[in-house]
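See structure below.
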Amino acid sequence: MAKKVCVLVAGSWGTALAMVLADNGHDVRLWARNEEHVKEINERHENARFLPGVKLPNGIRATSDMEEAVKDAEAVVIASPSKAMREVVRALKPFWHEDMLCVHATKGMEVGTLKRMSTVIAEELGCEESKIGVICGPSHAEEVARRLPTTIAVASSNEEEAQRAQNLLMNAYFRVYTNRDVLGAELAGAFKNIIALGAGMSDGLDNGDNAKAALLTRGLAEITRIGTEMGANPLTFAGLAGVGDLVVTATSKHSRNWRAGYMLGQGKPLQEVLDSMGMVVEGIRTTEAAHFISRKYKVQMPIAEQLYHVLFEGLDPKTAVEALMGRGPKTEMEMISQETWEQWHT
């Protein structure tokens, strides 16, 4: 059954999700700040800055008026950069109501507070976090917009809300699973960007496939370790939100995090990298957040720590690699407490 759906905002991922929804027959309102951006989408059916060469379906209508975007909507999908999330949700709040399905697709954390996006959204809307779902998994906007086969998950502690989102989004090229571990989905989606930065940096240094494979493997162990300590289900990190999203973000030409890391590995300064990207690189902000989170929870995150030194303290990438390779002898398998496993198996 066709529904009216609001998508915030008209970046690459928000636009790609709007296309999925329009292909499913829904009436989609895509919110953008800039009037020229709105005009381009409505008149030319293009979003040239974020998805060049992609023709948008007729079922998408853009607007810069939040009230118009949200009015009568049964669902809202938020794909805002993490740093703008509070501002966007504050604009949404006057027009939001409890019966509206709300899911976000932002893979990052709020640096100043170290809060996940579902927490930020719930705080600004004044609702329980159980009302907020999370779209997660390997899903480059450029490929979704080309209608290439993509499989994601929607995480929600409320199974009924997760199924609502699943039914809204799922189609022949966009397969959707449900997952109840919101915490794990958000942590995996945010922390994998750090490892993708590292993978790009390794490639920029021309360190080869062996180094990159090891970095992805140890990176997955690292984010699983901190995620489990924070209360997530360890199995989530072996699924679409974890290893699935990590692989695509750390290996694809579409990945902003990989591209930023690659340029850093080639010796370009951070500000030059950011200026050349033109879009948000979530892994940089998340690396800063992870630096403080690892200290808060007293969990070692050696890859994230070395990246923090490179990004924010000017450490040479080659020196960071030497520091990682020169760490003392370890056993490969970090122990996850029996209590944690029992928690998720009962």
Side-chain angles (χ1 to χ4, degrees), residues 7 9-21 23 30 37 41 46-57 77 79-83 104-108 134-153 169 171 173-176 185 188-204 209 212-213 215-216 219-220 223 239-266 268 270 272-287 307:
V7 179
V9 298
S12 57
W13 191 205
T15 304
L17 287 170
M19 291 181 67
V20 172
L21 292 161
D23 284 349
L30 181 58
H37 198 182
I41 293 169
E46 294 179 359
N47 189 346
R49 177 183 175 188
F50 293 104
L51 289 175
V54 173
K55 199 71 174 177
L56 304 182
V77 177
S80 165
S82 60
K83 67 177 183 180
H104 82 80
T106 300
K107 298 170 181 177
V134 181
I135 294 172
C136 55
S139 48
H140 282 312
E142 295 84 354
E143 295 187 359
V144 174
R146 291 170 57 202
R147 299 176 176 86
L148 297 179
T150 299
T151 303
I152 65 154
L169 289 161
N171 62 30
Y173 67 86
F174 200 73
R175 181 167 179 77
V176 183
F191 289 145
K192 56 86 184 175
N193 288 329
I194 303 172
I195 309 306
L197 270 174
M201 192 178 300
S202 180
D203 287 339
D209 294 337
K212 187 172 179 178
L215 188 142
L216 296 187
L220 180 62
I223 62 178
L240 290 166
V243 67
D245 209 359
L246 173 62
V247 168
V248 78
T249 310
T251 63
S252 172
K253 62 184 179 181
H254 299 305
S255 170
R256 281 171 260 170
N257 292 285
W258 181 90
R259 294 204 309 270
Y262 186 84
M263 287 187 279
L264 289 166
Q266 290 186 315
K268 295 181 180 179
L270 177 59
E272 181 182 336
V273 170
L274 294 175
D275 291 342
S276 69
M277 295 296 293
M279 291 185 282
V280 174
V281 181
E282 289 286 3
I284 292 173
R285 293 176 59 84
T286 307
T287 300
L307 281 168

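What you see is a predicted model; the values in this text were computed from it and never measured.
Atom CD1 of residue I195 and atom CD1 of residue I223 lie 6.0 Å apart, to the nearest 0.5 angstrom. One finds the CD atom of E272 at 10.0 Å from the CG atom of L264 (value rounded to the nearest 0.5 Å). Distance check, rounded to the nearest 0.5 Å: CD1 of I152 to CZ of F174 gives 3.5 Å. In this structure, K192 NZ and S255 OG are separated by 6.5 Å, a value rounded to the nearest 0.5 Å. In this structure, CZ in F50 is found 11.5 Å from CD in E142, a value given to the nearest 0.5 Å. Once rounded to the nearest 0.5 Å, the distance linking OG1 of T106 with CH2 of W13 reads 10.5 Å.
In this structure, L169 and I135 approach most closely via the heavy-atom pair CD1-CD1, 3.9 Å. Taking every heavy atom of both residues into account, L197 and N257 meet most closely at CD2-O, 3.3 Å. A185 and C136 get closest at one heavy-atom pair: CB-SG, 3.8 Å. In terms of heavy atoms, M19 sits closest to R147 at CE-NH2, 3.8 Å. Nearest heavy-atom pair, L17 versus A105, reported as atom, atom and distance to 0.1 Å: CD1-CB, 3.8 Å. Here the closest heavy-atom approach between residue V280 and residue R256 is recorded as O-NH1, 3.0 Å.
For D209, the CG atom counts as loosely surrounded, since its 6.0 Å shell holds 12 or fewer non-hydrogen atoms of other residues, nucleotides or ligands. Surrounding NZ of K268 are at most 12 heavy atoms belonging to other residues, nucleotides or ligands under 6.0 Å away. Other residues, nucleotides and ligands contribute only 12 or fewer heavy atoms inside 6.0 Å of the CZ atom of R146.
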Residue pair V20, Y173: steps toward the side chain to side chain contact (heavy atoms under 4.5 Å, CB included) verdict: CA-CA 9 Å; V20 172; Y173 67 86; 3.7 Å; yes

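Judged by distance alone, the side chains of E143 and T150 never bring a donor and an acceptor atom under 3.5 Å apart. T286 and N193 share no side-chain donor-acceptor pair at under 3.5 Å.
Between the side chain of S252 and the backbone N or O of T249, no donor-acceptor pair lies under 3.5 Å. Looking at S202, its side chain never comes within 3.5 Å of a backbone N or O of G198 through a donor-acceptor pair.
Between P138 and T151, every side-chain heavy-atom pair lies at or beyond the 4.5 Å cut-off. The side-chain heavy atoms of I284 and V273, taken from C-beta on, include no pair separated by under 4.5 Å. By the 4.5 Å heavy-atom criterion applied to side chains, K212 and T251 are counted as neighbours.
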